[in-house]
Amino acid sequence: MVNLKVSISKLKLKTPILLASGVLGSSYSTINRVIRETRIGAIVTKSFTWEPRVGYNTPIVAYTKAGIVNAVGLTNPGYRALKEILGNIVKNDVPIVVSIAASTSKEYAEIASFAEENGADAVELNLSCPHVKGHGLEIGQDPEYVGKIVHEVRSVLKIPVIVKLGLTDRIVDSALKAEKAGADAVSAINSIRSVVIDVYARKPILSNIYGGLSGPAIHPIAVRVVFDLYKNIEIPIIGIGGVTDWVDAVEFFLAGASAVAIASVIAIKGLKVIDEIIKGIEEYMDKEGFQKISELVGLAHGN
Amino acid sequence: MKMFLETLKMCKAEIVKVVKEAEGIKSLLLETSIEKPIPGQFVMVWVPGFEEIPISPSMYERNVLRLTVATVGETTRKIHSLKPGERLFIRGPYGRGFNLDEKGNFLLIAGGYGAAPIIYALHELRKKGKNVAYIIGARSKDKLLFVSEARKFNAEVYIATDDGSLGFKGSAVEVAEKLIAKYDNVLACGPERMLYKIMLKCLELGVKCQISIERYIKCGIGICGSCVLDPKGLRVCSDGPVFYAEELANTEFGKYYTYPPGIKKPIE
């Protein structure tokens, strides 16, 4: 009998698939819908910032042969709205992880406390937004600063603290600092900073010029990062990046991820893809003789 | 059906003709390679240097797409200034359109520039040989859309103007309320207050009713969360923009409008 339950620190997930931050996670009604209609293991909300953010002007998405490039611009009603949003979520045993994008360690800590007070099961510190100045990647590529933020948040919080890191040369160093400062898990990676130019308009398509590439193109890069992180840190890793089917998810487990988050594939295939991926993992484990996800985690590193 | 990712591709669209349809409303005929939209679906239209906006086409015929545009902001004003030979950029079509395969006759109700997807549905319904009536409401006679076009397609036409300058003096809803019971299906698009009344009437009478609604669509593909209808979590861009009355009942529709970053504005 295959058991799909996984634990990420204190979080208990029914299935190893999380909804990654950014898609469908900005209002209680879409979150409730994902919980109601799928076997999702946990939900990571869209990132909440100190002040409300309208987001960027359109176009906010652009096509490439390799996937979607987006620059939504951290649209969110500001962290104070978490009270109402969290209050309206019908969890049904699905942990809610509140994603936070702030610009100082003090802001991260205050928003995290507010999320905890209002019922969040964990927080994810978004230290890797590829397209909003002062709200991400610059922070994530400075390991000392990552350590400082995690320390400050950890010291005021009881619930797990997850750190979301993006692709930088220093991602392993940042993860090590986060672990040392008390982080409970690391999510990797975020979308990758990109530009798309229309050859007839002869202009970048996105109003923000820069966006984040997601989809199949970034999957092997994300697998490499998870593989490297697994060799260096002890805390659980949540693999994110270009998962479109169960094969990609299993690949992440084998590289060292304890759970996998998905996002842009939902835009392409709809909500039903969540259960398709979960069913695929279940069948693979059954056929290949695995009982628990933990048996797969890091198996590709074997002796 | 193209692969979904392909519908994300920006397609250049050359303007072949510009037609003034009514006061403040123009149609652009565009040559484009996008897939034929189902009436009620929408395309995202990008004017480089301006914004990308959702528009529900008013006609499609052999690679020529017609977009009927009212001036509501900077981007639509720019679109109105464009001339034949100039280009727009289009991706789509997206969303769920009208189901034109429902059985029986159809009452089509349009208010203002909501007439765009309605007249396209009328073309396609007539091609299927369906019995169709068209109610068009506007503030005054110089703002009425597609009256002669509907007649050309042999639809029965009812006109309502707020100032009584042509047809019934009053709203399209008042005209519709007397007719709905005679039809098997209602298709409607226009101001939300009007649509809400039509929804209630159809639910009361048990008439199948499909309504095309408007919210702030930004990505067009169901990821950004700008166009969500609370509390059901329906995404207007990908679960709609056409919904059956039963789906819209008990949502924010007709009561308030949620737009980024989560501000609720009452429907006047």
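Letters A, B, ... are given to chains in the order of the sequence lines, protein chains preceding strands, and every chain is numbered from 1. Just so you know, these numbers come straight off a predicted model, no measurement behind them.
- Here the OG-CD1 distance, from A:Ser264 to B:Ile223, works out to 7.5 Å after rounding to the nearest 0.5 Å.
- Heavy-atom pairs under 4.5 Å with chain B peak, among A:Pro52, A:Pro77, A:Pro59, at A:Pro59.
- Separating the CG atom in A:Leu271 from the OG atom in B:Ser238 is a distance of 9.0 Å, to the nearest 0.5 Å.
- Looking at A:Ala81, neither its backbone nor its side chain comes within 4.5 Å of chain B, counting heavy atoms on both sides.
- Within a 6.0 Å radius of NZ in A:Lys83, no more than 12 heavy atoms belonging to other residues, nucleotides or ligands are found.
- Within the 4.5 Å cutoff, no side-chain heavy atoms of A:Asn57 are placed close to those of B:Phe50.
- Atoms CZ and NZ, on B:Phe89 and A:Lys203 in that order, are 9.0 Å from each other to the nearest 0.5 Å.
- B:Cys219 SG to A:Asn70 CG: the interatomic distance, rounded to the nearest 0.5 Å, is 9.0 Å.
- With a 4.5 angstrom heavy-atom cutoff, A:Ile205 touches chain B via backbone and side-chain atoms both.
- In terms of heavy-atom pairs under 4.5 Å with chain A, the best-connected choice from B:Pro231, B:Gly225, B:Pro48, B:Gly222 is B:Pro231.
- Contacts of A:Ser207 with chain B are absent, with no heavy-atom separation under 4.5 Å from either backbone or side chain.
- With contacts defined as side-chain heavy-atom distances shorter than 4.5 Å, the pair A:Thr75/B:Cys224 does not qualify.
- Counting only heavy atoms from C-beta outward, the side chains of B:Ile221 and A:Ile68 approach each other to under 4.5 Å.
- Note that CG of B:Leu8 and CD1 of A:Ile268 are 6.0 Å apart. Values are rounded to the nearest 0.5 Å.
- The backbone N or O of A:Tyr56 sits less than 3.5 Å from a side-chain atom of B:Lys218, completing a donor-acceptor pair.
- Not one N or O on the side chain of B:Glu52 forms a donor-acceptor pair closer than 3.5 Å with the backbone of A:Thr58.
- Residue A:Tyr200 qualifies as open at atom OH: its count of foreign heavy atoms under 6.0 Å is 12 or below.
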Margin query: If you apply the rule side chain to side chain contact (heavy atoms under 4.5 Å, CB included), what do you find for B:Val228 with A:Ser29, and how did you get there?
Written below: CA-CA 8 Å; B:Val228 172; A:Ser29 63; 3.3 Å; yes
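- For B:Arg235, the parts lying under 4.5 angstrom from a heavy atom of chain A are both the backbone and the side chain.
- Between B:Lys232 atom NZ and A:Thr30 atom OG1 the span is 15.5 Å, to the nearest 0.5 Å.
- Minimum heavy-atom separation, A:Arg33 to B:Asp239: NH1-OD2, 2.7 Å.
- Between A:Asp198 and B:Arg87 there is no salt bridge, since no side-chain N of the basic residue sits under 4.0 Å from a carboxylate O of the acidic one.
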